[in-house]
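Since the structure is predicted, the reported quantities are computational estimates derived from the model, not experimental observations. Position 1 is the first residue of the sequence, and the numbers go up from there.
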Amino acid sequence: MSDEICEMPATELVTRIKAKEISPTEVTEAVLNRMEWLNPVLHAFCEPTQDLARSTAAEVTERIAHGDPVGPLAGVPISIKDLLAVKGVRTAMGSPIYRDFVPDEDDIVVERVRTSGAVILGKTTVPEFGYSGAGHNPVSPAARNPWNTKMTPGGSSAGAGAAVASGIGPVALGTDGGGSVRIPAAHCGIYGFKPSMGRVPMYPGARDERFPGASSWESLGHIGPMTRTVADAALLMSVLAGPDPRDRYSLPAGDVDWSTALEGGIRGMRVAFSPDWGYMSVDPTVRAIAARASGIFEKDLGCTVEEAHPGWEDPFEAFWAVVVGDTDLAGMRALLDKYGAEMSPNVVEILSRDWTAEDLTNARTVRKAVNNKMWRLMADYDLLITPTLAVPPFPLYTQGPEIIDERMLPSTAWLGFTIPINLTGQPAATVPAGFTAEGLPVGLQIIGRHLADADVLRASAAFESAAPWASHWPHPV
């Protein structure tokens with residue numbers, strides 16, 4: 001029964017808990033037992049909160065027994081990425097600077113899942129401040145990919161991807177500043193949804209000026225669900241979405257009905273397929289899997305699919321200048337003298353670079369160009385699909401492969417599909433699209449028009465029906 005519980009989606013758990021077929025305490029104990037077994041192997045959680053989980057589960061169990069009202073996630077185990085604040089729980093953000101930091105308030109999304117009755121399992125492993133697409137940091141063991149523990153799960157929501165993929169909770173909260181929900185979801189073979197910019201409010205994460213490093217990503221950051229099913233993501237979005245005055249970017253509620261967003265299919269939609277943006281090197285296996293997945297949209301889902309590219313030049317360097325422009329650079333540099341020797345080299349390099357005013361303003365110009373080319377492309381299409389990543393999972397403790405399809409490239413080139421969609425702020429998801437011959441997962445990215453979150457979810461659900469993935473489980477031990 002314990003394994004059965006751990007493999008249930010959140011939607012089923014909610015139904016069975018409310019019907020009193022199982023209790024939140026039973027669910028929590030099953031998942032904590034799996035955490036005890038797997039976390040020493042996967043290091044998905046850098047800060048487990050077993051006592052908090054048990055006390056919350058007991059409270060929800062009692063409320064149900066007494067017939068008291070409970071929230072939409074009552075008894076559902078959830079993990080929280082370690083870039084999001086949980087009051088009273090150590091939040092190191094993968095950095096020696098915050099090794100002993102304990103927040104005095106919850107992030108807005110943590111407030112919302114608590115109110116909904118969800119059971120917080122703990123904080124999941126991240127690279128330092130989220131400045132990487134891999135899963136290692138200087139203060140806790142590296143998160144590992146449950147499909148092959150010698151490989152990275154991706155990042156920066158590294159532990160979140162490993163946890164959900166291995167059944168340590170059906171859902172997780174991730175953040176996405178350059179792909180950090182979609183990257184580990186693709187590498188771990190699960191579903192990841194990046195809603196429209198502002199759909200889910202952020203505070204204090206990325207917004208609180210008191211904490212250098214933690215306050216990065218303000219104009220790029222999104223919070224989104226990482227799940228095994230599309231329906232679980234929609235359920236979580238029904239709790240997370242909606243405005244808050246602490247986030248000036250937050251959107252009004254009401255234009256998306258999360259309860260019906262998966263319905264209706266996508267027959268007749270016009271879909272652009274860009275296998276490489278017109279300039280990227282892509283692993284041949286990834287390219288082939290993405291091409292097969294694009295065929296599902298046409299043959300099985302009734303869409304018109306055409307190959308098309310937005311036409312921008314690679315915005316990678318501009319992206320990092322935008323990140324720096326969002327960062328308390330003076331505050332971070334003041335901390336380098338004390339902590340720099342312990343910090344991740346890629347973070348130190350970014351902070352130490354001699355950025356000029358022109359670097360930062362040129363980056364804004366590039367961002368405008370990316371946005372303009374994107375809306376012009378999307379005027380002709382309902383959806384845009386791409387590979388999520390240029391490569392399958394790669395070995396631990398690296399930032400990425402330096403050779404892709406026989407070309408020497410920077411070790412970050414594999415991230416090229418996700419980053420532009422943070423510059424534009426559009427909704428995007430990754431769906432599991434297939435496996436390599438070595439049994440490693442590959443994702444397909446589904447991008448919607450501006451604010452068209454429901455289209456992305458509906459397309460994801462349609463693809464899930466045509467090419468289901470949730471029955472495939474890794475065996476990390």
Side-chain angles (χ1 to χ4, degrees), residues 1-17 21-50 53-54 56-57 73 75-81 113 118-125 135 143-149 151-154 157-174 181 184-193 225-233 235-236 393 430-432 435 439-441 443 464 468-477:
M1 184 62 182
S2 179
D3 285 346
E4 182 183 346
I5 287 172
C6 291
E7 293 180 6
M8 287 182 193
T11 50
E12 183 177 351
L13 287 174
V14 166
T15 299
R16 297 186 66 173
I17 286 170
E21 296 174 6
I22 50 177
S23 74
T25 295
E26 289 177 283
V27 172
T28 298
E29 289 302 326
V31 174
L32 290 180
N33 285 340
R34 183 167 286 210
M35 180 195 289
E36 184 179 0
W37 170 44
L38 289 179
N39 202 54
V41 177
L42 298 176
H43 304 295
F45 290 82
C46 57
E47 193 73 15
T49 56
Q50 297 96 327
R54 289 188 170 104
T56 302
L73 296 178
V76 173
I78 189 170
S79 62
I80 311 295
K81 182 178 179 178
V113 298
V119 174
I120 294 175
L121 299 170
K123 309 301 294 299
T124 52
T125 304
R144 294 170 181 263
N145 194 310
W147 297 93
N148 181 336
T149 56
M151 302 294 179
T152 183
S157 305
V164 172
S166 57
I168 313 177
V171 296
L173 286 184
V181 161
H187 269 356
C188 292
I190 63 172
Y191 184 66
F193 179 60
M226 301 172 68
T227 62
R228 291 191 58 82
T229 69
V230 182
D232 277 4
L235 173 64
L236 196 53
T430 181
V431 294
F435 289 84
L440 296 173
E464 182 182 30
W469 60 75
S471 62
H472 297 284
W473 286 89
H475 301 285
V477 293

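Taking the side chain as every heavy atom from C-beta outward, Thr152 and Asn145 never approach each other to under 4.5 Å. No side-chain heavy atom of Leu236 sits less than 4.5 Å from a side-chain heavy atom of Phe193. Residues Asp232 and Val76 fail the side-chain proximity criterion, which asks for heavy atoms closer than 4.5 Å.
Without hydrogens or angle criteria, Ser79 side chain to Lys123 main chain gives no donor-acceptor distance under 3.5 Å.
Every residue meeting the side chain to side chain contact (heavy atoms under 4.5 Å, CB included) condition with Glu36, not counting sequence neighbours, appears here in chain and number order: Asn33. With sequence neighbours left out, the side-chain hydrogen bond (donor to acceptor under 3.5 Å, both in side chains) criterion links Glu29 to Arg54. For Thr149, the side-chain hydrogen bond (donor to acceptor under 3.5 Å, both in side chains) test picks out no residue, with sequence neighbours left out.
Taken to the nearest 0.5 Å, the CD1 atom of Ile80 stands 4.5 Å off from the CD1 atom of Ile120. Here CD of Glu7 is found 11.0 Å from OG of Ser166. Values are rounded to the nearest 0.5 Å. In this structure, the separation between OG1 on Thr227 and CG on Leu235 is 9.5 Å, given to the nearest 0.5 Å. Note: Leu173 CG to Lys81 NZ = 10.5 Å, rounded to the nearest 0.5 Å.
Taking all atoms of both residues into account, the shortest heavy-atom contact from Ile190 to Arg228 is CG2-NH1, 4.3 Å.
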